[in-house]
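Just so we're on the same page: letters track the sequence lines, and every chain starts at 1. All values below were derived from every heavy atom in this structure, side-chain atoms included, with hydrogens, water molecules and symmetry-related copies excluded.
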2 protein chains.
Amino acid sequence: MSLRHALLGLLVEHPASGYDLLKTFDTSLANVWPATQSQLYGELAKLADSGLIVVSEQGPRGRKEYTLTDPGLAELRRWLTETEPQRTRSDVLLRVFFLGVLTPQQALDYLDGQAAQAAGLRAELKKLDDAIDWDDADLSVYGRIALEYGQRLAAMQQEWAEWARTQVKPR
Amino acid sequence: MSLRHALLGLLVEHPASGYDLLKTFDTSLANVWPATQSQLYGELAKLADSGLIVVSEQGPRGRKEYTLTDPGLAELRRWLTETEPQRTRSDVLLRVFFLGVLTPQQALDYLDGQAAQAAGLRAELKKLDDAIDWDDADLSVYGRIALEYGQRLAAMQQEWAEWARTQVKPR
DNA sequence: TTCCGCATGTAATGGGTTACATGATTAG
DNA sequence: CTAATCATGTAACCCATTACATGCGGAA
């Protein structure tokens with residue numbers, strides 16, 4: 001249940017509407033924590049009910065701008081310092097376990113696909129990295145660290161997939 | 001909805017009961033695709049209903065041994081070749097985005113914790129790798145590839161966390 | 001005036017976690 | 001006989017996805 005904390009985190013910087021937040025989820029957070037529109041509006045309502053955020057301004061078309069409250073910030077800090085990140089599932093890896101039921105050629109295709117996808121992501125992240133003007137702000141520092149993680153992960157995945165294909169034995 | 005495919009995959013090798021499969025999920029698949037007992041029994045019942053597996057033997061204490069059927073194997077192959085792995089969420093990374101709301105010391109603590117955890121996992125996987133007698137069987141080949149992924153991932157995470165801590169600026 | 005983007009919401013369904021509930025077998 | 005292990009199942013709740021539904025405001 002980290003969506004609520006993702007929302008709190010995004011509201012630290014400045015107030016925003018559900019629509020604004022959705023765009024952030026579809027762009028910068030897309031690779032880290034995807035969220036759907038439905039889920040997001042529902043969660044915002046719950047957060048407002050529990051007082052962690054408030055509607056600070058109403059705009060045209062029923063737009064509601066939410067602002068983080070003190071209890072909301074406290075909850076975000078509590079989550080960061082007192083809870084452990086949960087274990088992640090890896091769909092990619094699960095499939096690897098069972099590649100033996102395919103022909104070697106099909107297994108190679110799968111690994112090649114993974115290599116290509118990782119290479120694509122890697123290039124995309126590199127472009128993003130180059131495009132951003134990193135300054136010294138906190139957000140910049142931690143955004144940079146997160147992006148570096150993504151790049152290292154993509155590189156690792158690509159190299160692993162390329163190595164893995166050499167391990168597959170022709171039948 | 002990959003749990004069903006994980007179950008099909010495990011049943012490729014040999015028939016097994018829910019209880020047997022649960023142990024596999026708690027040990028070898030624990031880091032790839034965790035599953036709870038509840039979920040597992042429910043899914044086995046559904047798989048049997050749809051004919052992808054059958055109860056091939058009944059043992060003491062109501063034990064039911066399930067065997068993969070031909071349609072089950074076909075479904076497993078279809079999943080492997082025709083569906084794309086889904087994007088993963090990263091709780092660890094999500095937190096990094098928001099480390100700016102903590103004190104630099106708290107942020108360092110978080111990164112150190114991540115480094116330590118990755119190092120621990122790395123050691124554990126190394127031990128596992130050394131302990132297993134890898135032969136030429138398919139399962140061995142792909143199990144080995146999966147384990148290699150785990151080790152590379154853990155190494156990457158450790159190195160990243162150690163690098164990241166050097167990027168945090170004291171206030 | 002017409003279309004695009006802004007903006008929010010609900011309902012149905014499925015997957016996942018926790019907790020509850022029960023009981024048979026076997027090893028010591 | 002007693003405790004550990006084997007073994008299965010149900011119920012409640014929450015989170016996530018998909019689809020449906022609606023309507024205003026601004027720009028061309």
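Across every non-hydrogen atom of B/S28 and A/F97, the tightest pair is O-CZ, 4.4 Å. Between B/G72 and B/L8, the closest heavy-atom pair is O-CD1, 3.8 Å.
Residues from residues 8-34 of chain B with heavy atoms under 4.0 angstrom of DNA chain D, sorted by number: B/S17, B/G18, B/Y19. Within residues 73-93 of chain B, the residues having any heavy atom under 4.0 Å from DNA chain D are, by residue number, B/R89. Listed by residue number, the members of residues 36-52 of chain B with any heavy atom below 4.0 angstrom from DNA chain D are B/Q37, B/S38, B/Y41.
The number of heavy atoms from other shown groups lying within 6.0 Å of CG (A/D49) is above 12.
The salt bridge (Lys or Arg N to Asp or Glu O under 4.0 Å) pairs that include a residue from residues 17-33 of chain A are A/D20-A/R63, where partners are two or more places apart or lie in different chains.
In this model, the phosphate group of C/dA7 is approached by a side-chain N or O of A/R63 to a distance below 4.0 Å at OP1 or OP2.
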Show every donor-acceptor pair shorter than 3.5 Å between a side-chain atom in residues 114-127 of chain A and any protein atom, with sequence neighbours excluded, or say none if there are none.
unit_1 : atom_1 : unit_2 : atom_2 : d
A/R122 : NH1    : A/Q158 : OE1    : 2.8
A/K126 : NZ     : A/D130 : OD2    : 3.0

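Between the CG atom of B/L7 and the C1' atom of C/dG16 there is a distance of 14 Å, given to the nearest Å. Rounded to whole Å, the distance from NZ on B/K64 to P on D/dA7 is 13 Å. When the P atom of C/dC4 is taken as reference, atom CZ of A/R61 falls 16 Å away, rounded to whole Å.
Counting only heavy atoms from C-beta outward, the side chains of B/E57 and B/P15 never approach each other to under 4.5 Å.
Remark: A/E43 pairs with A/R4 by the side-chain hydrogen bond (donor to acceptor under 3.5 Å, both in side chains) rule, at least two apart or across chains.
Atom-to-atom distance recorded for A/R89:CZ and B/R89:CZ is 11.5 Å, nearest 0.5 angstrom.
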Verdict with supporting geometry, A/D129 and A/W134, side-chain hydrogen bond (donor to acceptor under 3.5 Å, both in side chains): CA-CA 9 Å; A/D129 194 355; A/W134 301 105; 2.9 Å; yes

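The aromatic rings of B/W79 and B/H5 lie parallel to each other, with less than 30° between the two planes, well short of the 60° mark.
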